[in-house]
Amino acid sequence: MWDFTEDKPIYLQLTEQMCLRIANGTYKPGDKFPSVRDIATEAGVNPNTVQRAFAELERSGIVCAQRTAGRFITEDSQMIYKLREDLAKEHADNYLKKMASLGYNRNEAADFLSKVKEEL
Amino acid sequence: MLGKLIKYDLKALSRFVLPLFAVLIGSSIALRICVEIFKFDGAGSNIIASILVFVIAFVYVISLLGCGFAVYIMIALNYHKSLMSDRGYFYLTLPVTHDMHLISKLLAGAAVIILSAVAFVVSFLPLFVGNIALPDVLKFISDGWELIRTYMLAKNGVLIIILTVFVALFGSQIVIFFCITLGQLMPNHRILGAFLAFIGHLILSRTISSIFASIGFKNTLIDIYDMDILAETLSSVLLTTIIYYVVIYAIEYVATRMVLKYKLNIE
Amino acid sequence: MSIIVEARELTKRYGADTAVDHLDLTLEKGQIIGLLGPNGSGKTTFIKMINGLLTPTSGIILINGEKPGVNSKRITSYLPERCALPDWMRIDDLVKMYCDFFTDFNREKARNMLADLHLDEKKTYKTLSKGNREKVQLILAMAREAELYCLDEPIGGVDPAARDYILRTILQNYNEEAAVLISTHLIQDVESTLDRALFLKEGTLVLNDTVDNIREKRGKSVDALFREVFAC
């Protein structure tokens, strides 16, 4: 399901969440993308907003619009792999920043993660 | 679209008016039946019979009176409810002109008025069937009509008839709509406003009437024994009077429509 | 983008009271616009002027370039705040009445929506609860394929599940040739549905911006901004 916060424009959040679904394989490469109307109704979001999010995705090449056939997710697995990596990097960056605020430096943070990954 | 408006106005009016007619005709029939039954029984001595007949007769007379007034009360209520209450939010946003709203109400009201006149007459039938000969009734009606035709319709007969029908069916309705519509111009004092509007109507009538009077008829001495001249004069007077009413109602119609279009505030 | 509603210096005064004060705005087709403001800020007055129920004291209001009249009423679907339908009629009678008066009314759609919300067509309008009456009015308004929808407090009186259904219906009905004007104070619920937000304070337009811009420029939601602007 779609989850939106209050502080950012919804089209940005939509773009992010759609990227997430592409990166984690919920939407598979070459899949037909749901229509603007479907996503708008499902997410409770204005269709123009959805349109804007789609435009962002099209711009980055992750989604290709084929005139009459609709929108499709790219078959370029390299691109998807890179997308996944980029998203993962964001999380990593976040983790490091938060650990830094606790006083852990980078090496310490990395070691800590190895140590606790069994427990979590 | 006008037809549809009329359909719904008729539906709204007939909800109240049809049961009333049913009571009217029903009580007339019941009265007749009771009278017939008790005739055979030697009614005079039977107190219960007398009371029963009295009650039903009472109901009948009340319905007769009621019909006359109730129809106009229903017309007023329907007008107020559809256009000035919360329902106005629906009716006044329909894709029709304000004229069509007024005309629809007038026509539906006219239909109901005619129906009430018919019900009125029909309600007499059960009482008189068998007691009065039909040929006598017909002769009475045709004699009366001859009289009217000779003395009142000598000149411009057709015009007089048309205008009379118009005035009878639409006139009172227009005054009602005029008073209600102008009355709502006083927010919070709509009923008072309606009364004031009615006074305005009376003032308007007097004014128009003096204008007509000053235009005057031929103030010649007429020979009332000359039937032709008498008939002509009576016709002229009748026509003038009717035209005077038509003028008043036309003015009030226009005023109602103007206020409806530009100054209405349903709250 | 074509303009469907235009207000220029639109003003409505009641004696000394100014309900709407020199309003200048345009509404475009294909947008869902929120008319937001506290009670008495002039929202309903503005909507009544769009629908020809009130005449302006001064200024102009145009729908598709024309003053409110038969033509604008034909293409405008109005949902008033009040229950405006003849309450002695049954729901199916009301559906028939809408069919009679509005050529753009979609009977199938209406009947489907009534079924979705478990409303029995044979019931008399009078006997329904207030919430159900509002649902019926809303369904009838949304079943029209109009060019302009004016919804005055469409979700105020209904339960949250019905609210979601109503907002979803508004989104499903979306078409680029129509504009939807929603007047409400339940901003949180409708915010993601809106393209644009109009803040009306004591008859004056104090904000006219897209929801995206508001969030980007101010880093907060329209709801949060509203609470600031209209803080008591």
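As the structure is a prediction and not an experimental result, all values here were calculated from the model.
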A quick test of your reading: do over 12 heavy atoms of other residues, nucleotides or ligands sit less than 6.0 Å from [atom1] of [X]?
X: A:Arg84; atom1: CZ; result: no
X: C:Arg163; atom1: CZ; result: yes
X: A:Glu42; atom1: CD; result: yes
X: A:Glu85; atom1: CD; result: yes
X: A:Tyr95; atom1: OH; result: yes

Taking all atoms of both residues into account, what is the closest heavy-atom pair of [X] and [Y], and its distance?
X: A:Ala40; Y: C:Leu171; result: O-CD1, 3.4 Å
X: C:Ser192; Y: A:Gly44; result: OG-O, 2.7 Å
X: C:Arg215; Y: A:Ile10; result: NH1-CG1, 3.5 Å

Roughly how far apart are [X] [atom1] and [Y] [atom2], rounded to 0.5 Å?
X: A:Glu6; Y: C:Glu191; atom1: CD; atom2: CD; result: 6.5 Å
X: A:Arg37; Y: C:Gln172; atom1: CZ; atom2: CD; result: 8.0 Å
X: C:Thr193; Y: A:Asn46; atom1: OG1; atom2: CG; result: 7.5 Å
X: C:Ile170; Y: A:Thr41; atom1: CD1; atom2: OG1; result: 12.0 Å

**Report entry** Check ion pair C:Asp212-A:Arg52 (N to O, under 4.0 angstrom)
**Finding:**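 Counted as a salt bridge, because a side-chain N and a carboxylate O are separated by less than 4.0 Å.
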
Query - Max heavy-atom pair count under 4.5 Å with chain A, selected residue of C:Glu176, C:Glu216, C:Arg168 - result: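 Option with the top pair count is C:Glu216.
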
Query raised in the report: Quick one: what part of A:Phe4 sits under 4.5 Å from any heavy atom of chain C, side chain, backbone, both or neither?
Result: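 Contact with chain C is absent: no heavy atom of A:Phe4 under 4.5 Å.
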
Requested in this report: Please look at A:Gln13 and chain C and tell me whether the side chain, the backbone, both or neither of the residue comes under 4.5 angstrom of a heavy atom of that chain.
Outcome: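 The answer is the side chain of A:Gln13.
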
Side chain, backbone, both or neither: which part of [X] has an atom under 4.5 Å from a heavy atom of chain A?
X: C:Asn173; result: backbone
X: C:Gln188; result: side chain
X: C:Leu167; result: neither

Report task. Answer yes if the side chains of C:Tyr174 and A:Asn48 hold a donor-acceptor pair under 3.5 Å, and no otherwise. Result ->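 Looking only at side-chain atoms, A:Asn48 and C:Tyr174 do form a donor-acceptor pair, the distance falling under 3.5 Å.
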
